[in-house]
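Below, all heavy atoms of this structure are taken into account, side chains as well, without hydrogens, waters or symmetry copies.
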Amino acid sequence: MRFVLANPGLDNRIPSYKDLERTEEEAGDRPKWDNKAQYILTCVGFCIGIGNVWRFPYLCQSHGGGAFIILYLILLVLEGMPLLLLEFAIGQRLRKGSVGVWRSINPYLTGIGIGSMLVSLLIGLYYNTLIAWIMWYLFNSFQNPLPWSQCPLNDNGTGFVPECQRSSTMDYYFYRVTLNSSTSIAESGGIHWPIVVCLLAAWTVICICYIRGISTSGKAVYVTAILPYIVLTIFLIRGLTLKGALSGIIYLFTPDINELTKPTTWLDAGAQVFYAFSLAWGGLISFSSYNPIHNNCMQDAMILTAITGFTSIFSAVVTYTVIGFRATENYDSCISDNILTLLNAFDLPEDSITTSNYEAAFHHLNSSNPDIVFGLGIKPCDMQKLLSEGVEGTGLAFIVFTEAIMEMPGSPAWSVLFFVMLFCLGISTLFGNIEGVVVPLKDLKMLPKKWPQEAITGVTCFIAFIISLLFAQHSGIYWVTLFDNFAGSVPLLTIGFFEMIAVVYIYGIDRFNEDVKFMIGYKPSIFWQVSWRFTSPLVVLVILVFYLVTQSQEELTYLVWDPKSDQFPSLASVPYPSWINLIIFILAGIPSLTVPAYALCRLVFVYFKKTNN
Amino acid sequence: MLFSSERISKDASDGYKVRLSIKTALGDQAYLWDEKEMFLFRSTMAYAMRGQLNQQFDVSNIIVCEETARVSFWFVVTSPLNTSNLVDKKSVEEAVRKHRNRINSAFLLTDETLEFEGIPRTLEAPFTPDTPPWLIVFGVVMGAVVAGIIVFIGFSVVQKKRKKNKKTPEDEDSEEEESRGKTMENGAANEGVYNMSFTDEERFTRI
């Protein structure tokens, strides 16, 4: 399709090839990467985030294991890689941050950049709250025994606090001690000060790492991007030596071809690829704009795709060795408990029932005395159920993993390692995030020109800290989930789609091809041409439409921690209050609608200026 | 036994059921439960009752019945003053709770492996250190970060002062030097002459 919309004045707004060559020779005042490794590590750190550890393994296991991995890798190449190269190339060519790039292509498209900035801001707010929770757990890991291994006693010292007794020590520690969660999003319950303290720590750390822009964050990524891999390897070695690790891995990889026939599998895979690459946040465009003009961005895109695919599978394997271990431990203790109950009820000698003859003994006793056995209330021990428990999101990190770590010898060390890894994963993503907020703010001239970079970073971090106190309330976790579901889904897909349309049909795919040829020396092959024009926009559009359709059909519910509910200790599912629709519109609607809204406003503004002249 | 086993039944109001899990507790080191161990149990209970009620309890005052292979049995305590009377459950419970540790150690067992059915375990409070450890780590991290911020800001202030002093003697080269020196900052505003990517609001494109 050689269809291109009319775009007069484009050459006046963008640097020509001669200008670019000239800038290359002169020492400009735009920041530059110290070396290629810094750039690659920053991009890797940006793309590889906490989602790789706690979202991808869950998707993998719940959508048919090996089959899902193949689907994911295919979509990584078909959908993710072309979009990645698009963002890299456009940033490198136009040498601007996200707002500047879209404004250069056409001033009416500035809305895309503003949308990216809003999305980055909203995501950054709740993402840093997750990092604050991780820091809390990290700070509390320097003690033996770990604080989440014990329940506090009740008032008269005869038993444990009932909330802890009925659920588990990890649940209690997370929902009560760390968050002090209320029972609904409407009950704010005041500010929980440990979280405020950790939010302060998180925002100051990000502030100092980004205080001089990429010249400081570029050095920080040497640690934050490489350390997670080292820790993952250590955990892999530790995990493989644990009992039950293999059952976890088998559970993860067991392919279920039937899953490929379900549309939700494709949807989840496509969406995960999109979020995995942190596309449409604006950070990648910004980072690429600091590259030398003849940097081989196509090679970078392919390298990054390969690294992302490898890391996703690697971290899934590590995660599931630990999950397999925990499930096996729980299964063994479930069987032991049942054996003890039977021994006590029938007064049998201690080693008459062991784990090996448990089944036979149970059947024998059940057939001879069914009433007594029934009255004991023995729970069946289901390994599959244990393997599928709570293995996504915060549940994975703060409940399942902490439980598994407690059962490893030397648990404080493992706990520190694990949370340091999560911290590094999170903060390296946040570098890209804050780049996607600060650079557009400067491009839009919303901050005084005279301010040095330090002041801009400091003010942005401070204001973000104040806003993120919203998540320090007792209902904070419900707000985080809300932001995660709505600010980080629809707007990204919409903005990504607009980005593709803008580059292919408004900037012009031919001109784009020429640019890539100028930068790397050869024109992109037919694979890229087809992907940019058809495959990637189609995939993104389909995901967006399906997502909107499924969301609008479901009633909006969320999970709450309510000791008084019937399903306790499982989270209870309650509907959102009606005013949440307004919040959802602010989170998802406003960033998505900035693109048409800005174009419309500018049209009106221009029209009025014309009539006045 | 002075009392017939009919008086001691599962509904006895003054007796307690005891359950031992020796193999669970000691594994290979487990000892066999025989009448010597039972004698030890009775004498330990007598010791506990002496400590509780200050009366001369003897081994004969502890009556045991319904032993099983699980190793579980019932026992009741008779009063030394009048052997036809049983000591009430409350006193027995208090005696056991007070001396639980000594009773456990006599058998190398714990609260879970030497169970007195109906007497709750004495739970020890979780260990809470005086200064929460997390505060210490937090203090270290925040101290390092704040020190770093001060260093950075101080460094850039010193650098700016130096540039200012350099600028006044050299008027011609000063502009170029400043623009080169500003590589450290994200100066999107200082794009230079040749870059026309920024559209002023006054200059709008023709559509």
Side-chain angles (χ1 to χ4, degrees), chain A residues 8-9 12-15 19 22-23 27-32 94-97 100 103-104 106-107 136 138-140 142-143 145 150-153 157-160 197 200-201 204-205 207-208 211-216 340 343-344 347-351 438-439 442-443 449 452-454 606 609, chain B residues 19-24 30 66 68-72 115 120-129 132-138 141-142 144-146 148-149 152-153 156 160 178-192 194-199 201-207:
Chain A
N12 296 336
R13 296 191 294 267
I14 62 176
D19 298 332
R22 200 175 358 147
T23 359
D29 30 63
R30 194 165 174 77
K32 282 208 249 283
L94 297 179
R95 331 284 304 156
K96 304 225 125 241
R103 187 161 42 191
S104 306
N106 194 316
W136 167 260
L138 177 63
F139 293 158
N140 274 290
F142 289 92
Q143 49 185 298
Q150 299 158 319
C151 271
L153 296 179
T158 49
F160 296 121
V197 161
L200 183 69
T204 37
V205 168
C207 184
I208 191 179
I211 199 159
R212 288 233 188 102
I214 62 163
S215 46
T216 41
L340 197 66
L343 289 177
N344 290 352
D347 284 321
L348 304 164
E350 269 186 277
D351 40 1
V438 166
V439 171
K442 290 212 303 235
D443 281 352
K449 258 192 217 182
Q453 175 67 26
E454 289 92 340
V606 159
K609 264 239 162 117
Chain B
R19 197 182 291 123
L20 292 98
S21 313
I22 308 171
K23 293 211 177 70
T24 318
E66 289 199 38
T68 68
R70 170 69 180 81
V71 192
S72 66
E115 288 174 74
R121 305 167 22 204
T122 40
L123 302 157
E124 36 174 271
F127 167 67
T128 41
W134 74 268
L135 212 54
I136 301 172
V137 183
F138 171 74
V141 167
M142 282 305 281
V145 166
V146 168
I149 292 180
F152 267 116
I153 294 181
S156 44
K160 277 219 178 82
E178 250 198 44
S179 59
R180 243 183 249 141
K182 280 204 184 118
T183 28
M184 297 291 270
E185 296 173 25
N186 271 344
N190 308 331
E191 279 299 338
Y194 40 78
N195 198 319
M196 310 218 292
S197 326
F198 276 106
T199 328
E201 283 308 319
E202 282 73 52
R203 261 187 69 232
F204 44 85
T205 47
R206 298 163 303 216
I207 292 295

What's the separation between atom [atom1] in [X] and atom [atom2] in [Y], rounded to the nearest 0.5 Å?
X	Y	atom1	atom2	result
B/R19	A/L340	CZ	CG	7.5 Å
B/F152	A/R212	CZ	CZ	5.5 Å
B/F138	A/L200	CZ	CG	5.5 Å

Does any heavy atom of chain A fall under 4.5 Å from the side chain of B/S72, the backbone, both, or neither of them?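 The side chain, not the backbone.
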Side chains of [X] and [Y]: does their closest heavy-atom pair fall under 4.5 Å?
X	Y	result
A/F142	B/I136	no
A/N344	B/E115	yes
B/S156	A/Q453	no

With sequence neighbours excluded, what pairs up with A/E350 under the side chain to side chain contact (heavy atoms under 4.5 Å, CB included) test?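 Testing A/E350 for side chain to side chain contact (heavy atoms under 4.5 Å, CB included), a comparison that skips the adjacent residues, returns B/S21, B/I22, B/K23, B/T24, B/R70.
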For B/V145, what residues pass the side chain to side chain contact (heavy atoms under 4.5 Å, CB included) criterion, not counting sequence neighbours?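 Here the qualifying residues are A/T204, A/V205, A/I208, B/V141, B/I149.
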Under 30°, 30 to 60°, or over 60°: which ring-plane class applies to B/W134 and A/F139, parallel, tilted or perpendicular? parallel
If one checks every heavy atom of A/I211 against chain B at 4.5 Å, the contacting part turns out to be side chain
